[in-house]
Amino acid sequence: MGNEKDYLELIDGEKKFRHIGTRPIRPDGVDKVTGRANFGADFTMNGMLHGRVVRSPHAHAKIKSINSTKALKLKGVKAVVTGKDFPTLDPSDKAVGEVTVSFFDMSRNVIARDKVLYDGHAVAAVAATSPQIAEKALALIEVEYEVLKPVMTVSEAMKKNAPILHKGMKTSGVEPTPSRSSNVASRAEFKLGDVNKAFKEADIIVERDYTTQTVHQGYIEPHACVADINADDMATIWSSSQGQFMVRALVAKLLAMNTSKIKVIPSEIGGGFGGKTIVYLEPLAVLLAKKAGRPVKMVMTRDEVMRATGPTSGGHARAKIGAKNDGTIVAGELEMEYEAGAFPGSPVGLGCMTGFAPYNLKDVSCVGWDVVVNRPKAAAYRAPGAPVAAFAVESAMDELAEQLKIDPLKLRIKNAAVEGTQAPYGVKFPRIGCLETLTEAQTTDHYNSPLGPNQGRGVASGFWFNIGGQSSASVMVNPDGTVIVATGSPDIGGSRASMALMAAEVLGIELKNIKPLVADTESVPYSDLTGGSRVTFATGKAVVEAAEDAVNDMKRRAAKIWDVDFDQVEWKDGSACCIETDVHKPMTIADIAAMAGKTGGAISGKANINAKGAGAAFATHICDVEVDPETGHVTVLKYTAVQDVGTAIHPSYVEGQMQGGAVQGIGWALNEEYVYGKEGQLQNTGFLDYRVPVASDMPMIDAIIVEVPNPGHPYGVRGVGEVPIVPPLAAVANAVSHAIGIRMTDLPMSPPKILAAIDAE
Amino acid sequence: MSDLQFSSPKSVKEAVEILSASKGKARVLAGGTDLLVQLRAGRMSGSMIVDIKNIPELRSIKKEKNGFTIGAAVSGAELGAHKAINKAWPGVVEGLELIGSTQIQGRASLGGNLCNGSPAADSVPGLIAAGATCKIAGPKGLRTSKVEDIVLGPGKTSLKTGEFVVSFFLPTRPKRSGDAYLRFIPRTEMDIAVVGASVSLTLDKVGVCSEARVSLGAVAPKPLLVAKAASAIIGTKVDDEALTELSLAASAACDPIDDKRGTVEYRTKVAGVLARRAATIALERARGN
């Protein structure tokens, strides 16, 4: 658009934003706190059926037969679908993105074909006139299994004689390609320089193994949708997801339908954290609706959410760091194996790319192995892959600081990545704020406060890429001068408020006169899903450009009314003003809108972009804990999250993201884990025993916003949503390790594990 | 699920009649904080729910000559607001009040918590340590039982077909008495006890422990009354040495399982720790009374 420079000058000079950086109440807030907002499970239709899913009780088995005769005879049952009702798809049908997506595998995750690969794997789906009848029908669908030995952990899966999940799967990324089938799907490698040579230069080397368990995103809202399809095969889907266009594209792919035949209407979303970037129910609901000729609603139970959706990979990591006695790091090495779940595609590659990214290393090697096991297929979870890698690297950094007797923040400052540093994955960083988060952390009261007995303090840093991608926005000026801002990005973190603030800034009007909305797939052009911390950056950029387009339209209208040249009109404080002469009184947006009919019709602006120039995010966290030496119970006493956000459009929601990410990371570090029984059945399928932190477990999370503007965004925005979950695992582990004097390397640090470590000393 | 019957009797007699007629297929509903969860999870046996909380006797707290009678369906919030019982039996009250959240406290009851038969029930060790009894109504009339005799194992009680708990009786306390309940959970609330420990004790005029009862939860198939742990402090001034003995006796009494909530080693060790800590609190309270 050419005016990015002007905005940056504004940022570097005096900050004179009228709206950006303020904290208005979010436009969707009142409906949400009063219970009026419609989430995934709230939608109903006349004649609607209720769908349920038959799920495998086995972690690994062959499906010998499925017989739905008895179920279909039950009064009220209208349709049953199984894998046979789905298109086969080609094994080579893949989309390459952050993580490679295989549609062949995805289809088999949505509904099993010849094999079930985890406890909870969908085998069939049924639609009936009531939820009770649907539930009864589940038991009447007879599935005959040949039970196979499950493979539950990475180490079991990598053993030579391990049962193979996918016959014919060969490890990719190794030379030569192996001849034997393996549970190891692929190897990824990122390196700079010569790490072996560099380690020889080191005065000191720290090296350790670290392990973590499978964890779930823990969104409160279970997956839910309603699907309807008419006699012309036009399908409509109402669902809760992180991307209505994603739902449309995946349903089209999995059911071999034309995109134009599917309309997706997004509901409010009750948490996603990456776990709603894929589909589970929607294709089943569409097929059931098609068979039954009636709309079908499907809502997962919590048990189904835990067994069959989400999680992110548990894994093993070995981190090795070599340094000079003065603290200069000379080499870093990371080797990791992540559970992919039942199908290939763990975020191990992203872990490899991010682990050492906060540091300026010339010689670094990161190798990752993607391993299938009989657990649900890993889905994206907030900075996918990065937290486990950071747990290993940041623990090693802490140990290095301890051994060198250097303050852990000073050690990080000495080696921090800055503008021009080459990241382990190859790119040279533009202006970044890694160092600023570290120096800011140093000056906090928290970092300089004393500790009591049985207390410990840990620090850790983290990195996340943030992405741009395709976004579209429409700015529509109503006849009274109020404005609608429509985008295709579901609001999972307060983005409607941010979109409205950015539009208000460009238009120069009051926030209350702007209505931001999330439109369906037929009301705005295509947008990528809400993920990768991209929306405030990329969709925000689209909104700014669309608002500028609307401003230009209004300037043209004013020029026409005044009969002056377009360049004689400037836009100031929400009004068109004539530059040369004061004969013409400035016209407000309402004045211009009122005359739109006489100047060429309705006024609007649009922008459809593929945003480049996303700004990387860095964060540094400080955590204080107290450990009860007799029970191993950890109390988090104090927690501070420092993060470079570029520019905080709405500081409250930026702080909310930082706090939320920190809390999820603390839960991951302390108590969250998938517990499987001997035969591979998940034991903790609810929030009682899958222990996300409750509010009273947490201290106030102090959020310190650092603003190093991203040159790639008109207002300097970086992404904020993901990086705050990267440092906490290590920050908490380092704190616990200092409190008990024993290095904790195995997450979660549940009380029995800590007590066992103390007693073993 | 759709065939489920529901009834809401208004008297003990009516409830007994319905329960007896159902031939063991009825489940008693007090607050429902366990039963409704089991129902939703498809784990509830039975085809009839008998809601007893509309029977006045089940919802009232009475001060008697020699103690308190607490209706089996009195909620945690109601008991928590009762000043005299809080003063006399804080350990019993804090056990019930630890269950669930503020919302759950509007419904959770002593009767439901006991008859659910969980070895980890938070209010049961406090009742056992207190020497509480319960009044049981059934087809053969009323009978009284010690609380420790009700739970036989996970989900199993000594109640016979047609029987249900009407009320609990807590005796008046001698001077210089105190009790306390502690539980261990990984979180701070909204959780099930990994270990629970309750201690009730009475001191004589010179501060020597004259009576004591110790009860443990979640460390065996049912809540335990640990006589050896009590005798470790009876006759002592409940000094460090006696507390160590109590702690060891508590650990020795454990017969726990390994599960998603804790290991055998962990539960055994922490039972001793919590018993000692609960005894210390009970001692402080006794000294203040």
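Letters go in sequence order (proteins before strands), and every chain restarts at 1. Treat the numbers as computed from the prediction; the structure is a model and nothing was measured.
Residues of residues 299-312 of chain A placed with any heavy atom under 4.5 Å of a heavy atom in chain B are absent; none qualify. Residues of residues 752-761 of chain A having a heavy atom under 4.5 Å from any heavy atom of chain B, listed by number: A/P752, A/L755, A/D759. Listed in order of number, the residues of residues 659-676 of chain A that approach chain B to under 4.5 Å between heavy atoms are A/N671, A/V675.
The closest side-chain heavy-atom distance from B/R261 to A/Q683 is not below 4.5 Å.
Pairs engaging residues 245-269 of chain B under the ring pair (Phe, Tyr, Trp, His ring centres under 6.0 Å) rule: B/F184-B/Y266 [sequence neighbours left out].
Using a cut-off of 4.0 Å between Lys/Arg side-chain N and Asp/Glu carboxylate O, A/E630 and B/K269 are scored as not salt-bridged. Between A/D697 and B/R187 no salt bridge is recorded (no basic side-chain N to carboxylate O distance below 4.0 Å).
Crowding of B/E284 atom CD: a count of heavy atoms from other residues, nucleotides or ligands under 6.0 Å exceeding 12. Within 6.0 Å of the NZ atom in B/K156, the count of heavy atoms belonging to other residues, nucleotides or ligands does not exceed 12. Atom CG of B/D240 sits in a sparse spot, with 12 or fewer heavy atoms from other residues, nucleotides or ligands closer than 6.0 Å. The environment of B/M44 atom CE is dense: over 12 non-hydrogen atoms of other residues, nucleotides or ligands sit within 6.0 angstrom.
Residue B/R40: no heavy atom, backbone or side chain, is found under 4.5 Å from chain A.
Counting heavy-atom pairs closer than 4.5 Å to chain A, the top-ranked of the candidates B/I185, B/T263, B/D191 is B/D191. Counting heavy-atom pairs closer than 4.5 Å to chain B, the top-ranked of the candidates A/T635, A/D689, A/V634 is A/D689. Of the listed residues A/N684, A/T631, A/D628, the one with more heavy-atom pairs under 4.5 angstrom with chain B than any other is A/T631.
The distance from the CD1 atom of B/I192 to the CG atom of A/L688 is 4.5 Å, given to the nearest 0.5 Å.
Minimum interatomic distance between A/H633 and B/P186 (heavy atoms only, all atoms of both residues): NE2-O, 3.0 Å.
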